[in-house]
Visitor: 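Below is a structure I'd like to ask you about.
Chain letters run A, B, ... following the sequence lines, proteins first, then strands; residues in each count from 1.
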There are 2 protein chains.
Amino acid sequence: MPDSEYRDIRKLDLFAQMADDNFTSLMRGAYVQNFPAQIELVTEGEPSDFLHIVITGSVDLFSAWNGRDTSMATVRPISTFILAATIKDAPYLMSARTLEKSRIALIPSQDVRAIFDADSNFARAIVTELAQCYRSVIKAQKDLKLRTSLERLANYLLRQQRHAGGGAAFELDFEKRRLASVLGMTPENLSRAFKGLQPYGVTVTGTRISIDNQADLERFAKPNPLIDDFST
Amino acid sequence: MPDSEYRDIRKLDLFAQMADDNFTSLMRGAYVQNFPAQIELVTEGEPSDFLHIVITGSVDLFSAWNGRDTSMATVRPISTFILAATIKDAPYLMSARTLEKSRIALIPSQDVRAIFDADSNFARAIVTELAQCYRSVIKAQKDLKLRTSLERLANYLLRQQRHAGGGAAFELDFEKRRLASVLGMTPENLSRAFKGLQPYGVTVTGTRISIDNQADLERFAKPNPLIDDFST
DNA sequence: ATGGCGGGTTGACATTTATCAATTGATTTG
DNA sequence: CAAATCAATTGATAAATGTCAACCCGCCAT
């Protein structure tokens with residue numbers, strides 16, 4: 001593993017506070033690999049042998065049942081995924097596939113569990129990370145259960161806008177078909193939902209979104225930090 | 001706090017392995033209180049001052065937005081809730097209200113965080129608990145996004161049946177209106193959904209459910225451990 | 001260049017789900 | 001006991017969402 005990556009991983013909240021030699025021994029067992037796009041890294045139901053870290057590229061976490069499937073989340077650099085399965089030594093609940101060419105680090109789950117027991121700073125970081133993940137899913141669930149698809153889209157756009165710096169125009173960061181899946185609707189419906197937001201000043205050109213009337217859209221979307229704010 | 005309760009709490013996975021004096025000091029700051037039914041114990045958005053433990057009774061975790069509300073989960077004895085908010089020292093994401101007369105223990109959040117740092121067994125237990133909670137919400141989300149309301153009801157019945165011992169007949173463990181909210185539908189819809197399951201051998205009499213054709217219902221519901229099995 | 005190919009869009013339609021109003025039935029309360 | 005209350009159900013209707021088919025369009029590969 002190149003030094004720069006090693007340092008980038010070290011800087012992750014999850015690893016930043018742990019003892020040097022513990023981090024070193026975690027990394028000794030790890031390996032890093034480049035994957036092409038559309039590779040299934042992990043299949044739901046399988047034992048969770050590795051904690052994964054996305055170094056570059058992006059990964060889609062999704063799940064399937066009875067012929068249907070849905071996108072649960074997207075993992076972008078630099079962060080980890082399937083921490084909970086690793087900790088519990090339980091089967092993956094979601095599958096993961098690369099969305100583009102990606103560089104992924106894999107740390108054997110048993111090493112993570114061993115170092116967890118030995119390093120209390122690491123343990124604390126894991127707890128914080130898990131609590132964060134838990135709260136994110138709760139927010140997603142509230143989004144799903146309390147809002148219509150139009151409201152979900154409106155709030156998604158506002159979140160994405162903020163994430164992109166807050167300007168009136170910004171780019172969607174993924175394919176519309178996948179956005180539809182993330183938001184829990186069909187691509188056809190998403191297309192119509194975009195139309196449905198035109199009266200609130202939303203214009204769409206390809207992947208470019210422009211919010212022409214911020215106040216109007218916010219009045220409709222009613223964003224709420226207890227659902228839309230990912231930092232808390 | 002009576003000795004028997006003290007021992008019951010001690011037996012919780014969360015506290016079972018921690019050092020005696022740490023547990024004692026946690027409990028010293030705690031207090032136990034009886035609440036009548038329908039009391040709002042916690043309001044979403046407020047700072048999370050206490051970790052709560054349901055000793056007897058039951059508690060509904062719910063959330064509201066824009067005039068709508070939805071039931072997220074039910075907490076039954078003996079278990080804790082809002083652990084993640086306590087750990088992160090962040091606002092509650094859900095409100096909590098007693099469903100019936102309930103006895104609740106409250107442990108100051110700052111004590112939990114302090115002992116967490118001091119007791120690695122406690123820390124490990126918290127991690128396991130959080131990972132469990134996280135996985136439960138992921139399962140709930142898959143249930144919501146991948147299944148129709150009829151399928152959700154069918155699978156709920158199968159879970160409840162198993163929970164009740166596996167017999168063909170069993171009792172719903174809550175009001176239908178709240179079941180509807182948990183399953184993400186309206187009460188009217190739930191009523192119709194029960195009718196919709198009649199062809200698969202489900203009979204409803206008040207809160208009593210009878211599954212007359214197990215195989216048929218399972219063929220329809222297609223239960224899946226990665227969604228419906230709460231233990232993994 | 002051009003012929004697929006796939007994502008996106010659109011329209012027509014079916015299905016699902018919600019809403020509103022009214023009724024039933026059981027339980028509580030004066 | 002009767003009135004009041006509330007959960008549950010039912011019917012009628014509306015709104016939201018999904019499905020299917022067709023089409024457009026940009027992109028890639030031959």
Visitor: Without decimals, in angstroms, what is the distance between Phe194(B) CZ and dT17(C) P?
Guide: 15 Å

Visitor: Taking only N and O in the side chain of Lys195(B), is any of them less than 4.0 Å away from OP1 or OP2 of dT9(D)?
Guide: no

Visitor: Going by atom types only, do Ser109(B) and Thr86(B) share a side-chain donor-acceptor pair under 3.5 Å?
Guide: yes

Visitor: Which nucleotide wins on minimum distance to the side chain of Arg192(A), given the candidates dT19(D), dT9(C), dT17(D)?
Guide: dT19(D)

Visitor: Under 4.0 Å between a side-chain N or O of Asn189(B) and OP1 or OP2 of dA18(C)?
Guide: yes

Visitor: What's the closest nucleotide to the side chain of Thr186(A) if the choices are dT19(D), dT9(C), dA12(D)?
Guide: dT19(D)

Visitor: By the 4.0 Å heavy-atom rule, please label Glu175(B) as base, sugar-phosphate, or nothing.
Guide: sugar-phosphate

Visitor: Rounded to the nearest angstrom, tell me the gap between atom CZ in Arg178(B) and atom P in dC6(D).
Guide: 18 Å

Visitor: Do we see a donor-acceptor contact under 3.5 Å between the side chains of Thr128(A) and Asp13(A)?
Guide: no

Visitor: Expressed as a whole number of angstroms, how long is the span from Gln38(B):CD to dT28(C):P?
Guide: 15 Å

Visitor: CG of Leu172(A) versus P of dG8(C): gap in Å, rounded?
Guide: 10 Å

Visitor: Within this structure, what is the CZ-to-P distance between Arg152(B) and dT17(C), rounded to whole angstrom?
Guide: 7 Å

Visitor: Does OP1 or OP2 of dT17(D) have a side-chain N or O of Ser149(A) closer than 4.0 Å?
Guide: yes

Visitor: How about Phe50(A) and Tyr31(A): are their ring centroids closer than 6.0 Å?
Guide: yes

Visitor: Please state how far atom CG in Leu183(A) lies from atom C1' in dA16(D), giving the value in whole angstrom units.
Guide: 15 Å

Visitor: Glu188(A) side chain: which of dA18(C), dA8(D), dT10(C) is closest?
Guide: dT10(C)

Visitor: Starting from P on dT17(D), measure out to CG on Leu150(B) and report it in whole angstrom.
Guide: 19 Å

Visitor: Could you state the CD1-C1' distance from Ile209(B) to dA8(D), rounded to the nearest angstrom?
Guide: 13 Å

Visitor: Are Thr203(A) and Asp212(A) close enough that a side-chain donor and a side-chain acceptor fall under 3.5 Å?
Guide: yes

Visitor: With distance as the sole criterion, is a donor-acceptor pair present between the side chains of Gln161(B) and Gln214(B) under 3.5 Å?
Guide: yes

Visitor: With respect to the side chain of Arg177(B), which nucleotide from dA8(D), dG18(D), dA12(D) is positioned closest?
Guide: dA8(D)

